[in-house]
Amino acid sequence: MNDEFGIYYRPELAAGRVVQTRRQLLWRVGSTLVVVAIGIGLRLGYPEEFGSSALWFIGSALVIGLAFASRDIAQFLAARTDAKRVAPCLALGANREGILLGPDWFGWGEVGALMVRPGRWGGSSRLVATGRDHRAQEILLDYTDVMPATLDSAIVALSGGRARIDLSRLDA
């Protein structure tokens, strides 16, 4: 029986998320500009047919495009911030004595709560460990190679049932 469990950060996942959100943002800006250019072209090319409605078309395309672009900017910034925190190192280590999250060691008797918080605005889901002395440490789960339920099973087994990860926020 293996008495140790470790998960490692995978920086290539974080870098891939940054590339994906950047690509999404650029596509959004480009497609908005194309739709606005079509509206301007219709207004200039066919002023009798599209003169009055072209301004509404252009305005609504800009408003919708800017709204979605602002969401894409928030997702890009969140992904970039997360990527700066992910290094190719041990994210979590657990054994029969306790759990190591980042620089903090929590013995099983010191663990107050283990909770997974879903990512917001394109950020990663986080495993947050809070000690009985109110110390808190978190890791970014989306950039590891473990699923939350698998991690919960390992924690329950290694802690002898003394600790469990609260996964209820993932359901909301």
Side-chain angles (χ1 to χ4, degrees), residues 2-34 62-108 110-159 163-172:
N2 191 0
D3 287 346
E4 292 183 349
F5 181 75
I7 60 172
Y8 292 85
Y9 280 126
R10 295 184 52 203
E12 67 275 7
L13 294 177
R17 178 73 178 142
V18 170
V19 168
Q20 176 190 9
T21 56
R22 181 184 307 129
R23 187 176 298 135
Q24 181 178 339
L25 173 62
L26 293 175
W27 183 88
R28 179 77 60 201
V29 169
S31 64
T32 301
L33 291 176
V34 167
L62 279 174
V63 168
I64 292 169
L66 289 175
F68 281 113
S70 62
R71 182 201 62 183
D72 294 343
I73 288 170
Q75 289 179 345
F76 170 69
L77 294 175
R80 194 173 67 176
T81 301
D82 284 352
K84 289 178 183 176
R85 293 183 52 195
V86 175
C89 64
L90 182 70
L92 176 146
N95 61 24
R96 298 273 178 203
E97 305 300 318
I99 187 169
L100 175 71
L101 277 100
D104 286 340
W105 173 261
F106 297 91
W108 291 123
E110 299 170 5
V111 174
L114 293 170
M115 178 185 318
V116 174
R117 292 188 179 152
R120 297 174 58 198
W121 294 102
S124 171
S125 298
R126 290 161 164 60
L127 170 67
V128 180
T130 306
R132 295 191 190 278
D133 59 356
H134 301 290
R135 283 183 299 154
Q137 193 61 246
E138 68 179 22
I139 64 167
L140 304 173
L141 282 179
D142 291 351
Y143 306 120
T144 65
D145 55 358
V146 69
M147 299 297 290
T150 305
L151 180 57
D152 181 47
S153 297
I155 295 299
V156 169
L158 288 172
S159 70
R164 170 162 232 123
I165 298 175
D166 179 8
L167 302 173
S168 63
R169 290 196 177 179
L170 293 179
D171 296 334

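Note that the structure is predicted; figures quoted are calculated from it, not measured. Throughout, numbering of the chain's residues begins at 1 and tracks the sequence.
Nearest heavy atom pair, residue Asp72 against residue Gln24, reads OD1-NE2, 2.9 Å. When all heavy atoms of Tyr143 and Val86 are compared, the closest pair comes out as CD1-CG2, 3.7 Å. Nearest heavy atom pair, residue Ala94 against residue Ile155, reads CB-CD1, 4.1 Å. Between Ala79 and Arg17, the shortest heavy-atom contact is CB-CG, 3.7 Å. The two residues Ile139 and Ala91 have their closest heavy-atom pair at CG2-O, 3.3 Å. Of all non-hydrogen atoms in Asp104 and Ala136, the two that sit nearest each other are OD2-O, 4.2 Å.
Comment: Arg96 engages Asp3 in a salt bridge, judged by a side-chain N to carboxylate O separation of less than 4.0 angstrom. Salt-bridge annotation for Glu138 and Arg117: absent, with no side-chain N of the basic residue lying under 4.0 Å from a carboxylate O of the acidic one.
Taking CG of Leu167 as the reference point, atom CZ of Arg169 lies at 12.0 Å (rounded to 0.5 Å).
Remark: side-chain polar atoms of Asp82 are not paired, donor with acceptor, to backbone N or O of Gly123 under 3.5 angstrom. Although no hydrogens or angles enter the test, the distance criterion places a donor-acceptor pair under 3.5 Å between the side chain of Arg126 and the main chain of Ser124. In this structure, the side chain of Trp108 engages the main chain of Asn95 through a donor-acceptor pair within 3.5 Å. A donor-acceptor pair is defined here as one N or O able to donate and one able to accept, closer than 3.5 Å; such a pair exists between the side chain of Asp142 and the backbone of Ser125. Proximity of a side-chain donor or acceptor of Tyr9 to a complementary backbone N or O of Leu140 within less than 3.5 Å is detected. A distance-only check finds no donor-acceptor pair linking the side chain of Arg120 to the backbone of Ala78 [under 3.5 Å].
Remark: Trp27 CH2 is loosely packed, at most 12 non-hydrogen atoms of other residues, nucleotides or ligands lying under 6.0 Å away. At most 12 heavy atoms of other shown residues, nucleotides or ligands fall within 6.0 angstrom of atom CD in Glu97.
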Could you walk me through whether Thr144 and Tyr8 satisfy the side chain to side chain contact (heavy atoms under 4.5 Å, CB included) test, starting with their C-alpha distance in whole Å, then the side-chain angles of each, then the deciding distance to 0.1 Å, before giving a yes or no? CA-CA 6 Å; Thr144 65; Tyr8 292 85; over 6 Å; no

Worked check of side chain to side chain contact (heavy atoms under 4.5 Å, CB included) between Ile73 and Leu25: CA-CA 7 Å; Ile73 288 170; Leu25 173 62; 3.6 Å; yes

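Side-chain contact check for Gln20 and Arg23: no donor-acceptor pair (N or O, by modelled atom type) lies under 3.5 Å.
Considering only heavy atoms from C-beta on, Leu114 stays 4.5 Å or farther from Arg164 through its side chain. Within the 4.5 Å cutoff, the side chain of Leu92 has heavy atoms near those of the Ile99 side chain. The shortest side-chain heavy-atom distance between Met115 and Ser168 does not fall under the 4.5 Å cut-off.
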